[in-house]
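Inspection log for the structure reproduced underneath, given as structure tokens.
Each residue takes its place number in the sequence, starting with 1.
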Amino acid sequence: ILMSRKSYDVVIAGAGTAGTTLAYLLAKHGFKVALIDRRSKESIGDKICGDAIAAHHFKSADVPKPSKDVIKVWVEGFKVYPRSMDYYLKIVAEDGGYVVDRHMYGQELLDHAIKEGIDLYDGIIANNLIIDDDYAKGVLGYKVGSNEVIKIYGKIIVDATGYPAALLMKAPDKWLIDKRIRSRDIIIAYREIVEIDKPIWDIENLHLHFISRYAPTGYVWIFPWDKDGKKLNFGNGMIPGVSSYKPHELLNMYANEVLPEYLANRRILKRGSWNIPNRRPRYNFIGNGFLAVGDSAIMVDPATAEGIGYGLYGAWIASKHIRKALEAGDYSRDALWSYQREYVTSPYGIRQARLDVFKYMLQAYSDLDYEFVIKHKILTSSDMIKARDEDSFLSSFDKAVRAIKAALYGKLKIVRDLKYVIDVMRLVKNIYLEYPTSIEGLMPWISRVENIFSELDKRFPPYKPQYI
């Protein structure tokens, strides 16, 4: 057993975007931070990802922007296509966004953190929490490729291990941490970085293609990955159990059947699969001397499964409350509760909950339904932008006009479902603003939320194409 001789203020497991950013923010304020990751130092950041970040996240959180060397291409926003790509909604992002080289970006964040004085423990798998007197006091791990056990101690322990939430899942049950995730709230995704001969038709936007045959309950994405449009981040995602094909098989079919002029002869530079937690934030992700951040806490946009920006914001919020706890010398769950509550009631936490409601309806419809909605402007680009944060993004007049259109085409159910979802999004926002101020109110609050999402699950079963 190798035991760290240093005493740390904070030990962070996971050197992804959220974990490394949190390490940097804390070290910048003079705290002693240990950062653990299973990868070697040189490999940190080299992960499968959509690689896109909206620029507005860097306004919301006081974190470093990616440098010009890391940015592959700048984009205005994204286009959402139904089955026919003749129709689309264009969503213009505030201040645009970036597609980054994920490996280089991870290395850049790590360099920032190391320059501020963090200690990096690379090549170590964080396996469990060290618990003493009902407090997390350290991380138990082992070196990759050996049986050597590692123990690293700190005042506050952070799980930033991503989807596996390796430490959170081992937390004592008495902490009432939300460990469950439904299969419907998981995206299984596959991505390729490819080189093509013919430049993509539009390099100023990200492209999301909602086409059930190749991404049931999800979408295919095509993101420019260089300024010439000849390299792409190309992938798909869907919930488990809706197709007998694997995501990479469906993506290859898409390349050959939908856009062969661009993708049939693509040269694959990198490829890989990963799972994404895709729902509202965990109801509770803190304990005594413990908290989670990023994908471990489920900080992600349920409509698009984008997580980098949410992880950055979560790290910024966490850094404020960790600093406050360390300065007060109180690392209890009660002291850290303010972090949980601020994130859940923040625009990000509320947006996650609202868009999780919207996600259930998205998963229930076919690409033909999407085509009807977009072609006949049942939902417009303006609606989609407003839906993220505004309660009443459709006026009564708009609803009436769109209901008439839908009735003419025998699609009135879509408008009724949309009205229902808008009402539930408003209700969920109000419940999230009432997140309890202490652990005593947690279980009744969870019951209110679970009742709503159980009803959504019944009303909107996932769409399964007959031919898959």
Does [X] use its side chain to pair, donor to acceptor, with the backbone of [Y] at less than 3.5 Å?
| X | Y | answer |
| --- | --- | --- |
| His103 | Glu42 | yes |
| Asn233 | Gly50 | yes |
| Asp101 | Val70 | no |
| His29 | Leu25 | yes |
| His207 | Asn205 | yes |
| Asp295 | Ile298 | no |
| Gln107 | Ile44 | yes |
| Gln352 | Arg279 | yes |
| Asn284 | Trp175 | yes |
| Asp37 | Ala15 | yes |

Identify which one of Ile414, Ile374, Leu362 satisfies the side-chain contact (heavy atoms from CB on, under 4.5 Å) criterion when paired with Asp369. Ile414
Testing Ile239, Thr217, Asn236 for side-chain contact (heavy atoms from CB on, under 4.5 Å) with Ile187, which one passes? Ile239
In the structure I gave you, are the side-chain heavy atoms of [X] and [Y] within less than 4.5 Å of one another anywhere?
| X | Y | answer |
| --- | --- | --- |
| Val220 | Leu251 | yes |
| Tyr98 | Phe58 | yes |
| Met238 | Pro247 | yes |

Just checking [X]: does its [atom1] atom have more than 12 heavy atoms from other residues, nucleotides or ligands closer to it than 6.0 angstrom?
| X | atom1 | answer |
| --- | --- | --- |
| Arg39 | CZ | yes |
| Lys270 | NZ | yes |
| Met169 | CE | yes |
| Tyr81 | OH | yes |
| Asp111 | CG | yes |

Check residues 450-458 and write down every donor-acceptor pair under 3.5 Å in which the side-chain atom is one partner and the other belongs to a residue at least two apart or another chain.
| residue | atom | partner | partner atom | Å |
| --- | --- | --- | --- | --- |
| Glu450 | OE1 | Arg180 | NH2 | 2.7 |
| Glu450 | OE1 | Arg182 | NH2 | 3.0 |
| Glu450 | OE2 | Arg280 | NH2 | 3.2 |
| Glu450 | OE2 | Tyr283 | OH | 2.5 |
| Asn451 | ND2 | Ser447 | O | 3.2 |
| Ser454 | OG | Glu450 | O | 2.9 |
| Asp457 | OD1 | Arg184 | NH1 | 2.8 |

Check this for me: does any side-chain nitrogen of one of [X] and [Y] sit under 4.0 Å from a carboxylate oxygen of the other?
| X | Y | result |
| --- | --- | --- |
| Arg266 | Glu192 | yes |
| Lys230 | Asp226 | no |
| Arg213 | Asp367 | no |
| Arg351 | Asp356 | no |
| Asp46 | Arg102 | no |
| Lys359 | Asp185 | yes |

Heavy-atom closest pair, residues [X] and [Y]:
| X | Y | answer |
| --- | --- | --- |
| Gly237 | Ala215 | O-CB, 3.9 Å |
| Ile350 | Thr345 | CD1-O, 3.4 Å |
| Glu257 | Pro260 | C-CD, 4.1 Å |
| Ser84 | Glu371 | N-OE1, 2.9 Å |
| Pro216 | Leu250 | CD-CD1, 4.1 Å |
| Trp74 | Gly97 | CD1-O, 3.2 Å |

What donor-acceptor contacts under 3.5 angstrom involve side-chain atoms of residues 157-166, with partners at least two apart or in another chain?
| residue | atom | partner | partner atom | Å |
| --- | --- | --- | --- | --- |
| Asp159 | OD1 | Thr161 | N | 2.9 |
| Asp159 | OD1 | Thr161 | OG1 | 2.6 |
| Asp159 | OD1 | Ser296 | OG | 2.9 |
| Asp159 | OD2 | Ala166 | N | 3.4 |
| Asp159 | OD2 | Leu167 | N | 2.9 |
| Asp159 | OD2 | Leu168 | N | 2.7 |
| Thr161 | OG1 | Ala165 | N | 3.4 |
| Thr161 | OG1 | Ala166 | N | 2.9 |

Could you check, using the six-membered ring where one of them is a Trp, whether [X] and [Y] have ring centers closer than 6.0 angstrom?
| X | Y | answer |
| --- | --- | --- |
| Trp316 | Tyr343 | no |
| Tyr214 | Tyr254 | yes |
| Tyr219 | His209 | no |
| Tyr262 | Trp201 | yes |
| Phe210 | Tyr365 | no |
| Trp445 | Tyr435 | yes |

Derivation and outcome, side-chain hydrogen bond (donor to acceptor under 3.5 Å, both in side chains), residues Glu440 and Ser438: CA-CA 5 Å; Glu440 286 71 29; Ser438 69; 2.8 Å; yes
Run the side-chain contact (heavy atoms from CB on, under 4.5 Å) check on Thr20 and Leu35 step by step: do they pass? CA-CA 7 Å; Thr20 308; Leu35 180 63; 4.0 Å; yes
Go through the steps to decide whether Tyr313 and His57 satisfy the test side-chain contact (heavy atoms from CB on, under 4.5 Å), and finish with yes or no. CA-CA 7 Å; Tyr313 183 78; His57 294 302; 5.6 Å; no
Should Asp95 and Lys59 be marked as a salt bridge (Lys or Arg N to Asp or Glu O under 4.0 Å) after you check the CA-CA gap, both sets of side-chain angles, and the distance that decides it? CA-CA 10 Å; Asp95 301 319; Lys59 274 186 174 180; 3.0 Å; yes
Just how far is it from atom CD of Gln340 to atom CG of Asp178, taken to the nearest 0.5 Å? 9.0 Å
What distance separates Asn252 CG from Phe234 CZ, expressed to the nearest 0.5 Å? 8.0 Å
Starting from the C-alpha separation in whole Å, work towards a yes-or-no answer on side-chain contact (heavy atoms from CB on, under 4.5 Å) for Lys227 and Lys72. CA-CA 7 Å; Lys227 294 175 183 177; Lys72 303 297 290 184; over 6 Å; no
Parallel, tilted or perpendicular: which one describes the rings of Tyr348 and Tyr310, with boundaries at 30° and 60°? perpendicular
Examine Arg459 relative to Tyr420 and say whether NZ or CZ is less than 6.0 Å from the centre of the six-membered ring and inside a 45° cone about the ring axis. yes
Within 45° of the six-membered ring axis of Trp225 and under 6.0 Å from that ring's centre, is NZ or CZ of Lys231 located there? no
Evaluate the criterion side-chain contact (heavy atoms from CB on, under 4.5 Å) for residue pair Phe223 and Leu232; output intermediate values, then yes/no. CA-CA 5 Å; Phe223 296 173; Leu232 306 175; over 6 Å; no
